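We number each residue from 1, following the sequence as shown. Not measured: the values here are computed from a predicted model.
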Amino acid sequence: FLPLFEVTKNPSVDPDLETFLEQVVAFDLVDDEGQRDLPLRYRDPKEWTNQENPSYAYYSYYIYANLSVLNRFRHSKGLNTFAFRPHCGATGEVEHLAVGFLLAEGIVHGLNLKKSLVLQYLYYMEQIPITCSVVSEDSLYMCMEENPFAAFFRRGLNVTLSTDNPLLLVFIIFLLLIILFFLFILFLI
């Protein structure tokens with residue numbers, strides 16, 4: 001995070017980075033949630049010497065804490081601030097969704113919310129945004145028929161549809177256009 005603080009303090013240090021940050025609205029956290037988390041023990045980030053990644057909660061808090069300080073600094077200088085919207089609950093432990101509830105302004109995926117009515121209720125009460133990427137989730141995690149988006153929507157959770165993998169969507173649109181083209185040709189004959 002040091003370059004982000006430095007360019008906030010003095011934009012002339014890196015004008016390209018400052019211009020880029022003017023366009024950024026949120027930070028994401030993408031990892032393999034399916035990997036087993038290491039036990040959560042406090043350790044200063046610079047003391048992390050394991051070859052393995054820290055737990056999801058540890059990583060999330062590290063990003064959240066740095067973004068909180070950075071956002072206060074940027075706000076005091078009249079600059080834009082950043083949301084924290086991690087990939088959360090696609091796979092892995094349900095506890096990741098509790099971490100998302102406590103730290104994030106919104107999450108991407110949230111599939112494992114279907115395993116916890118308590119967390120669904122908390123997300124509902126706080127109207128924390130859940131971005132569901134049904135197309136990419138279909139190819140990566142579960143078939144569309146099992147996707148909880150519709151159930152979450154009916155229950156009043158703050159859900160939205162998006163694509164997590166734009167190239168996947170482009171490929172699907174390309175296939176649909178080919179199908180439409182052939183249907184058009186068939187109707188002309």
Could you tell me which non-hydrogen atom of Ile107 sits nearest to which non-hydrogen atom of Gly100, and how far apart they are? CG2-CA, 4.3 Å
Is the gap between the ring centers of Phe27 and Phe82 under 6.0 Å? yes
Nearest-0.5 Å distance that lies between atom CZ in Phe20 and atom CG in Leu4: 9.5 Å
Phe152 and Asn158, any side-chain heavy atoms less than 4.5 Å apart: no
Using the rule that two of Ile, Leu, Val, Met, Phe, Trp, Tyr join whenever any of their side-chain heavy atoms come within less than 4.5 Å, decide whether Leu117 and Leu157 are in one cluster. no
Verify side chain to side chain contact (heavy atoms under 4.5 Å, CB included) between Leu97 and Ser116, making sure each step is shown before the conclusion. CA-CA 9 Å; Leu97 291 158; Ser116 174; over 6 Å; no
Mind telling me whether Tyr56 and His96 have parallel, tilted or perpendicular rings, with 30° and 60° as the class edges? parallel
Is there a path of hydrophobic side-chain contacts, each under 4.5 Å between heavy atoms of I, L, V, M, F, W or Y residues, that connects Val13 with Leu79? no
Is the side chain of Asp28 donor-acceptor paired with the backbone N or O of His87 at a distance under 3.5 Å, no angle test? yes
Within 6.0 angstrom of Tyr61 OH, more than 12 heavy atoms from elsewhere: no
Set of ring pair (Phe, Tyr, Trp, His ring centres under 6.0 Å) partners for Tyr124, sequence neighbours left out: none
Would you say Leu102 ends up clustered with Tyr64 if hydrophobic residues are merged whenever their side chains have heavy atoms under 4.5 Å apart, either directly or through other cluster members? yes
Any salt bridge linking Arg74 with Glu18? Criterion: basic side-chain nitrogen under 4.0 Å from a carboxylate oxygen. yes
Is the Phe153 ring parallel, tilted or perpendicular to the Phe149 ring (thresholds 30°, 60°)? parallel
Nearest heavy-atom contact between Pro148 and Leu111 is CD-CD2, 3.6 Å
More than 12 heavy atoms of other groups within 6.0 Å of Phe101 CZ: yes
Side-chain (Asp14) to main-chain (Pro3) donor-acceptor, under 3.5 angstrom: no
For Phe1, does the CZ atom have more than 12 heavy-atom neighbours from other residues, nucleotides or ligands under 6.0 Å away? yes
Under 4.5 Å between side-chain heavy atoms, hopping through other hydrophobics if needed: is there a path connecting Ile130 to Met125? yes
Other residues, nucleotides and ligands only: do more than 12 of their heavy atoms fall within 6.0 Å of CZ on Phe5? yes
